[in-house]
2 protein chains.
Amino acid sequence: MAARRAGIADVAARAGVSVGTASKALNGRGSLREETRARVRAAAQELEFAPSTVARSLLTGRTFTVGIITTDSYGRFSIPIMRGAEDALGLGEMLAFLCDSRDDPIREQHHLRRLLERRVDGVIVAGRRTDARQPVGANLPVPVVYALAPSAGELDISVTSDERGAARLAVDHLVRTGRRRIAHITGPHSHSSSRERAAGATQALAAHGLELVGEPWFGSWSEAWGRFAVSQLLRTHPDVDGVFCGADVIARGATDALREAGASLPMQVGVVGVDNWGVVAEAARPPLTTVDLGLQEIGRRAGELLLEAIDGTPAPGIHIVPGHLVVRES
Amino acid sequence: MAARRAGIADVAARAGVSVGTASKALNGRGSLREETRARVRAAAQELEFAPSTVARSLLTGRTFTVGIITTDSYGRFSIPIMRGAEDALGLGEMLAFLCDSRDDPIREQHHLRRLLERRVDGVIVAGRRTDARQPVGANLPVPVVYALAPSAGELDISVTSDERGAARLAVDHLVRTGRRRIAHITGPHSHSSSRERAAGATQALAAHGLELVGEPWFGSWSEAWGRFAVSQLLRTHPDVDGVFCGADVIARGATDALREAGASLPMQVGVVGVDNWGVVAEAARPPLTTVDLGLQEIGRRAGELLLEAIDGTPAPGIHIVPGHLVVRES
DNA sequence: TTGAAAGCGCTAACAC
DNA sequence: GTGTTAGCGCTTTCAA
């Protein structure tokens, strides 16, 4: 601590040149004698000179920072998205401010305002559901990219997951491994993810000339629901041989209930989840085959699209990132 | 988008005053006629004026930003810490840059450098283990606070968890609920958390005139290890009536193995974990009683200590944040 | 009560 | 090849 910070003026003085020259030397601009350049660089090194980005920003109008607003308290969904975004943004030498709106529109507006005051070059808004959301503002001075929860605004840039595709990947795997009597247990009907996955499952089965065993079981994103739904399912359809679950937690509950009902997994019944959430999928017995929605990829794509928009070539619309199947033992 | 950004000069022009006056009006500085103030405010409103923090920073030397460097890819540990830190920093009107070092010292240095170039007012370094770590740098121009993984530097500021206290909370609960033959299953011996929790458990039992059943079982942070250790434990100590597990994932494996071995929980055997990791603790059967290490509180404390250090009153040393017991049904 | 001017740390345009 | 100067958007003396 306490180390006084050297400015470019200090570096120039020590190297015996003017600040202009020092600037050129350090930025490789202009034409200077190699010896001068070296002398300046040496001085900078000795003084541990770190150029002030804030002064530079004032001049160029760019800060090389972006804001990421999550509605999600850095939870299950935001985290991989943030990671992906940081990957992409880091490549553009950008640093990200993190704001947690906790699903509160007031907080969101507050954060947005603070980010704009800080002159971020762009903003990523990450949601935790795939339901469309209202735009964070109109006529903003910087580009915004929506991740996971797409914006309802026509001309906005959004990146989201392929819900129907995810269902197809799951169902195709079950069919490919010989399952014919496939049921679907999923989350709340109020979530568009649940509805889309159910619709996707029905579609995919139809493509194989099959139908879902019973209606989709809408419930909650929990292990307990997975267990309960399976116990009920076995009463009406004891011959079920495949279960596509709308989430890994549901799938884990399902495997437990099936195992405890005496079914041998995966021989008698195949189970596929969605999420590829390590702590759940890997610890299940057997470890879960599941669809990874590519959240990190969504974040990466969002970062890339934001960089492009900042560079003046925005790509409006909803960009869909495909998921992929992770085959384990279930 | 595309909305041109109004500067204070625009506001001043529209209000028919000088920039100096506009500045004073908006910041409540100087003495101005109330009518002038109102006029300026109105102009600012109409132009959606958002003062540039970067210009202000250049002047004041403070950016009201901090950097958070996590070694943890925003995982299980960083997340609550970040939340807590954001809580504290938000109160100081600070915004946080997020950097993920992925446990790579090179990346860490790189990020630190970039943060310093951006003139952050301070830095939080968050780890994922409680083992002491090397300081991130010496003689830095801004204060640094270490969260979870304390710095080995004597004069640095660190905030970490109370590992022995956590073990005491767990053991006391088991004893209070009538358990006398208590075993301990935990993570790798190479982690100081494992060793400290084991030592704490032994100590706490001694305070009750009891001894651990067998040696502590060091292994890995996984459900599989919890299951395996319990199965072995039951062979040598079938009369065990309490298991203190060094992590919720271990505890969950332990409950599964106990239940499947025919033990009724929590009547015959009590199980206590550490972490209070929702997805694991709540889904276990029965839901886990566990020690919450207070990670969010650690983050909050780190944020507070950083603000204090920035304000010129650093509190060096290792600050220990107490955990608390979360009683569920196990 | 208000305006004019200097300056924060840096870069870029232009002189020398 | 190097130095000088103006100016990015704001706040803050100081003078009017």
Side-chain angles (χ1 to χ4, degrees), chain A residues 3-41 43-44 47-65 93 114 116-121 141-142, chain B residues 3-41 43-44 47-65 93 114 116-121 141-142:
Chain A
R4 204 188 83 74
R5 243 194 266 251
I8 198 167
D10 304 298
V11 174
R14 181 174 250 264
V17 296
S18 71
V19 287
T21 304
S23 172
K24 282 173 219 156
L26 294 171
N27 295 298
R29 230 64 60 107
S31 59
L32 301 180
R33 250 188 313 160
E34 189 48 45
E35 189 267 326
T36 315
R37 247 182 239 292
R39 198 146 37 89
V40 173
R41 270 201 290 263
L47 297 171
E48 300 184 37
F49 171 66
S52 163
T53 346
V54 3
R56 186 181 283 154
S57 295
L58 190 54
L59 210 44
T60 62
R62 287 214 35 194
T63 55
F64 289 90
T65 60
E93 291 292 300
R114 294 179 67 197
L116 293 177
E117 285 176 358
R118 276 176 164 93
R119 295 299 185 262
V120 293
D121 294 332
V142 297
Chain B
R4 206 189 80 75
R5 243 194 266 251
I8 199 169
D10 303 299
V11 174
R14 180 176 251 265
V17 296
S18 71
V19 288
T21 305
S23 171
K24 284 171 216 156
L26 294 171
N27 295 298
R29 232 60 63 102
S31 58
L32 300 180
R33 253 189 310 160
E34 188 48 46
E35 189 268 324
T36 314
R37 246 182 239 291
R39 197 146 39 87
V40 173
R41 268 201 291 263
L47 296 172
E48 299 184 39
F49 171 66
S52 163
T53 350
V54 2
R56 186 180 284 156
S57 295
L58 190 54
L59 214 40
T60 62
R62 287 211 38 191
T63 55
F64 288 90
T65 61
E93 292 292 300
R114 295 179 67 195
L116 293 177
E117 284 176 359
R118 281 182 160 92
R119 295 297 186 263
V120 293
D121 295 331
V142 297

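Computation of the quantities below employed the complete heavy-atom set of this structure, encompassing side-chain atoms and omitting hydrogens, waters and symmetry-equivalent molecules. A note on names: the letters A, B, ... follow the listed sequences, proteins ahead of strands, and every chain is numbered from 1.
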(message) Between A:Arg56 and B:Glu117, does any NZ, NE, NH1 or NH2 come within less than 4.0 Å of an OD or OE carboxylate oxygen?
(response) no
(message) Taking salt bridge (charged side-chain N to carboxylate O under 4.0 Å, His left out) as the definition, give me every residue that meets it alongside A:Arg29, ordered by chain and number, with sequence neighbours left out.
(response) none
(request) Would you check if B:Arg119 and A:Arg5 make a side-chain contact, meaning some heavy-atom pair closer than 4.5 Å? (result) yes
(message) Nearest whole Å is fine: how far is D:dG9 C1' from B:Arg5 CZ?
(response) 12 Å
(message) So if I take residues 29-37 of chain B and measure heavy-atom distances to DNA chain C, which residues fall below 4.0 Å?
(response) B:Ser31, B:Leu32, B:Arg33, B:Thr36
(request) Whole angstrom is fine here: how far is it from CZ in B:Phe64 over to P in D:dT11? (result) 12 Å
(request) List in chain and number order the residues that pass salt bridge (charged side-chain N to carboxylate O under 4.0 Å, His left out) with B:Glu48, two or more places apart in sequence or in another chain; answer none if no residue qualifies. (result) none
(request) Measure from CG on B:Leu26 to C1' on D:dT11 and round the result to the nearest Å. (result) 12 Å
(request) State, with a plain yes or no, whether a side-chain heavy atom of B:Thr36 is found less than 4.5 Å away from one of B:Val17. (result) yes
(request) Might you point out which heavy atoms bring B:Arg118 and A:Phe64 nearest each other, and give the distance in Å? (result) NH2-O, 2.8 Å
Protein N or O to nucleotides 4-9 of chain C N or O, pairs below 3.5 Å:
from, atom 1, to, atom 2, distance (Å)
C:dG9, N2, A:Ala55, O, 3.3

(message) Holding to side chain to side chain donor-acceptor pair (under 3.5 Å), I want the full list of residues that pass it with A:Thr60, two or more places apart in sequence or in another chain.
(response) none
(message) I'd like to check the salt bridge (charged side-chain N to carboxylate O under 4.0 Å, His left out) partners of A:Arg39; sequence neighbours left out, ordered by chain and number.
(response) A:Glu35
